Amino acid sequence: MTVIQNITSHLSVKKAGIAGAGGLGSNVAAALVRSGVGHIVIADYDAVTESNLNRQFYFEDQVGRLKVEALRENLLRINSRTNVEARSCKITARNAQSLFNSCDVVIEALDSAKEKKWFAEWMIAHFPFKPLIMGSGMAGYGSPETLRVQRSGNLYICGDQKETDEKLVPLLAPRVIMVAMMQANLALQLLLKEKP
Amino acid sequence: MIITLNNRKETFSQQEMSITRIMDQKSFHFKMLIVKLNGILIPRESWPLTVVRDGDRLDIIHLVSGG
């Protein structure tokens, strides 16, 4: 077996949970599927809009469709053998357990800081031993050196953690996708930790 | 006291301090924060009463909208 075959066969039995299918979630999902992660659970309640196309992994002809359904289609075009569980729902205390219980790693890819905080606290309380990879701070362009990973136990935070004014500093593809790739890269590192 | 704040050693002249005082001194003035002391999540209402001592590990994470 070659090294890449060894990695993909190891990843093929792993399951990644992704909370949110926006700029972070859609791009993380694509990178994980390309790497060979066999099982993906993705939850989001939104539909694709025109303004999403500047950074999210969707296409013009998918505007108006549910994100999780459009994403599932795109992911299966990369690797049709991937098991993609697309859940069109808002993540709540009622469904979070069943969504992420069987995941080896969970990626937080929500939009608002309030939702991020709720989700992190819920995960720490209910799944303290499951790695949670969050994204925080990625607006604007330039300054790639400010993007970093902070670790606190099983919690990992990717981004610059800098507050900006949404109207003055918009979200653009490169920095959003860089943070998404930091999250995907960390997920692979954690999933491949016990690789033989 | 010397503590580990966000994975870095930090020295304070006081022997013990509340989480709120450390935040004031180190200028953490954001709205959405996650605070962990020695790995345990500390809710916002407990910050003024929670005492940090020499050798403790304090993690303060800033959550920003956008994703």
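Note that these values count all heavy atoms, side chains included, but never hydrogens, waters or copies made by symmetry. Order of the sequence lines sets the chain letters (A, B, ...), proteins ahead of strands, with each chain counted from 1. This structure is a prediction, so every number in the text was calculated from the model and none was measured.
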Which distance, rounded to the nearest 0.5 Å, do you find between the [atom1] of [X] and the [atom2] of [Y]?
X         : Y         : atom1 : atom2 : result
Lys36(B)  : Leu155(A) : NZ    : CG    : 5.0 Å
Lys117(A) : Ser65(B)  : NZ    : OG    : 13.0 Å
Gln150(A) : Asp59(B)  : CD    : CG    : 6.0 Å

Please step through side-chain contact (heavy atoms from CB on, under 4.5 Å) for the pair Met32(B) and Lys116(A), ending with a clear verdict. CA-CA 9 Å; Met32(B) 288 294 167; Lys116(A) 284 175 188 285; over 6 Å; no
Whether over 12 other heavy atoms sit under 6.0 Å from [X] [atom1]:
X         : atom1 : result
Tyr141(A) : OH    : no
Glu166(A) : CD    : no
Gln15(B)  : CD    : no

Interface moiety of [X] toward chain A, non-hydrogen atoms closer than 4.5 Å:
X        : value
Ile34(B) : side chain
Ile60(B) : backbone
Asn7(B)  : side chain

Using the rule given for side-chain contact (heavy atoms from CB on, under 4.5 Å), can you reason through Met134(A) versus Leu63(B), listing the C-alpha separation, both sets of side-chain angles and the distance that settles it, and then say yes or no? CA-CA 9 Å; Met134(A) 305 188 69; Leu63(B) 297 179; 3.8 Å; yes
Please rank Ile157(A), Asn154(A), Leu171(A) by heavy-atom pairs under 4.5 Å with chain B and give me the top one.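 If we count pairs closer than 4.5 Å to chain B, Ile157(A) comes out on top.
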Toward chain B, the part of [X] with a non-hydrogen atom under 4.5 Å:
X         : value
Lys114(A) : both
Glu115(A) : neither
Leu110(A) : backbone

Would Ile61(B) and Ser152(A) count as a side-chain contact (heavy atoms from CB on, under 4.5 Å) here? Give the steps. CA-CA 9 Å; Ile61(B) 295 147; Ser152(A) 170; 4.2 Å; yes
